[in-house]
Amino acid sequence: MQLEALNGIVDNLQSLALQAVRSQRPTHAAQIVAFLAKVAHIVDQGCSDILTLLIELQSVREDGFSLGEIHELRRRTAQLLNKSHFDEAGETYNQLSTLKKIYLSEISQYDPCNGRELCELIDQSNGRIVMMIRGTMWTLIELLGKNKTSADLRSLQLSASREIPPLKDNLAELRKFTAHILGLSSAQGLLEMLRSGQETGLAELALIGMIDNRSRHIQHARY
């Protein structure tokens, strides 16, 4: 499957937020960070249905063929593939393209240096997310159609079980990123820090801490 692309998008979002906080006036950095939170939210929406399908696949019983569970899961996967946000011309593509237009009209005037990277991020997010979601869906549909025995099902479930933990981790990181920006925990959010104009240092430290924690988590997972 093609879910590893999400890892790079999470890294890019965090890195660009840190660049904005370090290089821009607080009010401008706040606008850019809010923009990146919207990108994270759109990416989150596009990946959550995949996680649901993988979890359901993992729990199908060995007699799932005779009970029609495999056929039903394949039908639902095809149905999800036709939803607007899994379509290249659908919701995810359009929302990210709209954000790009907003960025170009409102933010690039005072952030020309980082503007190119932000635009590239949006274009990459469009391409990566559409390819990742559609590719994963098509792979599932194909594999569910080919699986005919309990051994086939176990092999497919093993593949799903390998994909679920990193997908959960990356979705959790996306949500932490949004939560940090909006201050959804008891702590003050990055937007509040930056809008005050007096807390740029704290905002930078918060982002560095988030990036370091993610890096340590990834290193720990490898060993």
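Just so it is clear, the structure is predicted and the values come from calculations on it, not from any experiment. We use all heavy atoms of the structure for the numbers below, so side chains are in, but hydrogens, waters and symmetry mates are not.
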Atom pair [atom1]/[atom2] of [X] and [Y] - distance to nearest 0.5 Å:
{"X": "Leu153", "Y": "Leu158", "atom1": "CG", "atom2": "CG", "value": "11.0 Å"}
{"X": "Arg76", "Y": "Leu57", "atom1": "CZ", "atom2": "CG", "value": "11.0 Å"}
{"X": "Asp212", "Y": "Met210", "atom1": "CG", "atom2": "CE", "value": "10.5 Å"}
{"X": "Ser159", "Y": "Arg154", "atom1": "OG", "atom2": "CZ", "value": "15.0 Å"}
{"X": "Ile164", "Y": "Leu54", "atom1": "CD1", "atom2": "CG", "value": "5.5 Å"}
{"X": "Gln58", "Y": "Leu156", "atom1": "CD", "atom2": "CG", "value": "10.5 Å"}

I need the minimum non-hydrogen distance between [X] and [Y], along with the two atoms involved.
{"X": "Ile141", "Y": "Ala78", "result": "CD1-CA, 3.6 Å"}
{"X": "Leu194", "Y": "Pro26", "result": "O-CB, 3.3 Å"}
{"X": "Gln14", "Y": "Glu173", "result": "NE2-OE1, 3.6 Å"}
{"X": "Leu174", "Y": "Ala40", "result": "CD2-CB, 3.8 Å"}
{"X": "Glu204", "Y": "Leu18", "result": "CG-CD1, 3.8 Å"}
{"X": "Ile208", "Y": "Arg22", "result": "CD1-NH2, 3.6 Å"}

Point to revise | Criterion side chain to side chain contact (heavy atoms under 4.5 Å, CB included) against Phe177, the qualifying member of Val33, Leu13, Val10, Leu190 | key: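 Option passing the side chain to side chain contact (heavy atoms under 4.5 Å, CB included) with Phe177: Leu13.
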
Exercise for review: Begin with the C-alpha distance, continue with both residues' side-chain angles, and end with the deciding distance and a verdict on side chain to side chain contact (heavy atoms under 4.5 Å, CB included) for Lys168 and Leu171.
Suggested key: CA-CA 5 Å; Lys168 281 184 176 180; Leu171 282 172; 5.9 Å; no

Can you check whether [X] reaches [Y] side chain to side chain, under 4.5 Å on heavy atoms?
{"X": "Thr77", "Y": "Glu72", "result": "no"}
{"X": "Asp49", "Y": "Leu53", "result": "no"}
{"X": "Leu73", "Y": "Glu69", "result": "no"}
{"X": "Asn7", "Y": "Pro166", "result": "no"}
{"X": "Glu56", "Y": "Thr52", "result": "yes"}

Under a 3.5 Å distance rule, please check whether [X] uses its side chain to pair with a backbone N or O of [Y] as donor and acceptor.
{"X": "His41", "Y": "Ala37", "answer": "no"}
{"X": "Ser15", "Y": "Asn12", "answer": "no"}
{"X": "Ser155", "Y": "Asp152", "answer": "no"}

Point to revise | Co-membership, hydrophobic cluster, residues Leu205 and Ile211, 4.5 Å side-chain | key: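 No, Leu205 and Ile211 fall in different hydrophobic clusters.
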
Review point. Looking at residues at least two apart in the chain, or sitting in another chain, which of them share a salt bridge (Lys or Arg N to Asp or Glu O under 4.0 Å) with Arg162?
Key: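 Scan of Arg162 (salt bridge (Lys or Arg N to Asp or Glu O under 4.0 Å), adjacent residues dropped) gives none.
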
Review point. What's the verdict on salt bridge (charged side-chain N to carboxylate O under 4.0 Å, His left out) for Glu192 and Arg195, showing C-alpha distance, side-chain angles and the deciding distance?
Key: CA-CA 5 Å; Glu192 294 167 286; Arg195 287 294 183 189; over 6 Å; no

**Study point:** More than 12 heavy atoms from other groups under 6.0 Å of CZ on Arg75
**Key:**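 Above 12, so yes.
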
